[in-house]
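See structure below.
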Amino acid sequence: MIALLDCNNFYVSCERLFKTSLNDKPVAVLSNNDGCIISRSEEVKSMGIKMGEPLFKVKKKLNDAGVYICSSNYSLYGDISNRVMEIIRKDCDILEKYSIDEAFFDLSNIKNKELFCFNLKNKILKWTGIPVSIGIGKTKTLSKIANRVVKKNNEYKIRLNFNGIYEINCEDELNYILRNTSVEDIWGIGRRLSVFFRKININDAFSFKNINLKFIRQKKGIVTQKTVLELRGVECYPIELEQADRKSICVSRSFGEKIYLYEELQSALIIYSEKASQKLRKYRLSCGAITVFIQTSRYDEKYYFDSKTFTFIEQTLDSRLIWIKANYLLKKLYVKGFRYSKVGIILSKLCRHEKVQISLLNYALNNENSYDDKESKVLMKTIDSLNERFGEGKVRIASGANSFSYKKKLNTLKKKNNWLMRSNYCSPCYTTRWCDIPKVKIK
DNA sequence: TCTGGGGTCCTAGGACCC
DNA sequence: TCTGGGGTCCTAGGACCC
């Protein structure tokens with residue numbers, strides 16, 4: 001049996017931890033750049049505010065109702081998430097962290113599963129302050145559905161109170177639940193697939209479970225077939241204990257204000273390149289290719305999107321090299337006259353440091369774009385540790401985007417770095433930054 | 001005016017090999 | 001006039017997830 005633990009309204013719950021006055025007030029957390037609503041307290045959900053709703057469309061409604069709005073604060077959420085995961089791991093080490101607010105864990109060897117989960121839930125609440133819900137089923141897909149039953153109690157009405165825990169007990173109960181679960185609410189069935197299934201009159205999880213296996217394999221592929229099997233109790237997605245190495249790393253942000261100037265794109269991209277390379281080294285990886293993309297808003301009449309990729313002869317972890325190539329790609333991509341809303345960098349063809357395939361050509365040609373490998377590694381390590389100790393961005397790559405002449409140009413245009421992401425309602429990093437640690441007064 | 005960011009996997013089709 | 005059979009690898013695009 002597999003349990004799925006899910007933190008309730010996770011980002012909102014994190015914001016409430018250090019600002020207890022918000023506990024019974026409506027709260028909403030925004031996406032990056034304060035664009036959309038991505039976490040809502042129960043009060044906000046019941047106002048009819050949808051997940052992913054753009055802020056500007058509902059701002060008045062939120063203000064009128066006295067909703068407290070937060071920008072997202074990922075260093076806070078990431079840290080709280082780790083604490084929750086560690087508490088689970090203490091009681092159950094067959095654990096897979098599935099997302100920032102979810103974990104699957106194995107209950108096969110536990111006798112009273114509901115009691116075990118009940119105690120775990122209380123412990124997490126007591127030690128971190130985060131409320132959680134736990135669903136238990138034979139497979140990951142079923143535990144997801146069990147978890148949904150806890151949260152949408154009013155849709156299923158099989159019990160008055162779950163205490164945050166629900167285990168699918170018998171076949172009859174399972175079928176009842178599946179009949180009352182819409183096809184689009186199954187894990188693995190998204191917008192496109194649910195349109196397809198609705199068209200052929202498969203509207204709920206029960207009829208989806210009983211679909212012809214050959215038909216589904218042929219029409220929708222192996223992934224969807226696995227989802228059907230999982231609903232039948234056949235495990236297709238086991239709990240993954242080891243986190244697989246990443247296959248790509250992407251850093252991109254929407255701008256606070258639209259951008260026209262090449263230099264402004266450059267000054268954003270250099271920061272993203274540095275962030276991406278830093279992440280690369282944190283995972284002990286090197287990259288074999290980089291992709292840069294730029295785009296205008298999807299809602300803009302003159303929509304523009306393009307991306308270009310450069311492949312290295314030899315995988316690298318050096319920020320300088322990554323930036324040189326990123327800048328080169330940006331130059332090729334930039335077209336004057338568009339209102340750019342976003343730029344980004346993707347590192348791909350990743351491999352472990354120690355598995356980098358050394359190129360004969362790099363040595364033979366004494367390639368100007370390659371650095372001495374040993375020196376480069378030491379330098380990057382030094383930069384990373386300086387930045388970790390003294391704060392992000394303290395040591396940076398020199399570039400035109402940081403130059404005096406560029407700053408002068410911005411000055412004459414009376415501009416600052418207007419592209420910086422909006423984050424107008426951000427809470428302090430209570431648990432990850434020394435100066436933000438909450439102070440306690442004792443009388 | 002204002003609409004997020006970061007991932008994974010599968011599949012079909014093209015290019016190439018003998 | 002008539003042109004096989006069996007593979008691999010790569011990539012773009014599409015689907016999904018949180």
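Values in this document were obtained by computation on a predicted structure and should not be read as measured data. Chain A is the first sequence line, chain B the second, and so forth, proteins listed ahead of strands; every chain is numbered from 1.
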Would you call [X] and [Y] a side-chain contact if the rule is heavy atoms closer than 4.5 Å?
| X | Y | answer |
| --- | --- | --- |
| I94(A) | F105(A) | no |
| E15(A) | S39(A) | no |
| L107(A) | I136(A) | yes |
| I37(A) | V29(A) | no |

Could you tell me whether the phosphate oxygens of dT11(B), OP1 or OP2, come under 4.0 Å of any side-chain nitrogen or oxygen in R217(A)?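 R217(A) to dT11(B) OP1/OP2: side-chain N or O found under 4.0 Å.
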
Provide, to the nearest angstrom, the distance between the [atom1] atom belonging to [X] and the [atom2] atom belonging to [N].
| X | N | atom1 | atom2 | answer |
| --- | --- | --- | --- | --- |
| M85(A) | dC18(C) | CE | C1' | 12 Å |
| K220(A) | dC16(C) | NZ | P | 9 Å |
| E230(A) | dC17(C) | CD | C1' | 14 Å |
| F104(A) | dC17(C) | CZ | P | 12 Å |
| I186(A) | dC17(C) | CD1 | C1' | 15 Å |
| L62(A) | dC2(B) | CG | P | 19 Å |
| R192(A) | dG13(C) | CZ | C1' | 11 Å |
| E240(A) | dC18(C) | CD | P | 16 Å |

Counting primed atoms plus P, OP1 and OP2 as sugar-phosphate and everything else as base, spell out the protein contacts along nucleotides 3-9 of chain B at 4.0 Å heavy-atom distance: B, S or - for each nucleotide, 5' to 3'. BSSSSSS

Could you tell me how the ring of F310(A) sits relative to the ring of Y328(A): parallel (under 30°), tilted (30 to 60°) or perpendicular (over 60°)?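 F310(A) and Y328(A): perpendicular rings.
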
Mind checking [X] for me? I need base, sugar-phosphate or nothing, with any heavy atom below 4.0 Å counting as a touch.
| X | result |
| --- | --- |
| L30(A) | nothing |
| I100(A) | nothing |
| K144(A) | sugar-phosphate |
| E53(A) | nothing |

What interatomic distance, in whole Å, is found between C1' of dG4(C) and the corresponding atom of dC17(B)?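 Per the computed distance, 15 Å lies between those C1' atoms.
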
Checking K336(A) against Y262(A): charged group under 6.0 Å from the ring centre and within 45 degrees of the axis?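 Negative - K336(A) is either too far from the ring of Y262(A) or too far off its axis.
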
Is it true that Y166(A) and E173(A) share a donor-acceptor pair across their side chains at a distance under 3.5 Å?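 The answer is yes; a qualifying pair exists.
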
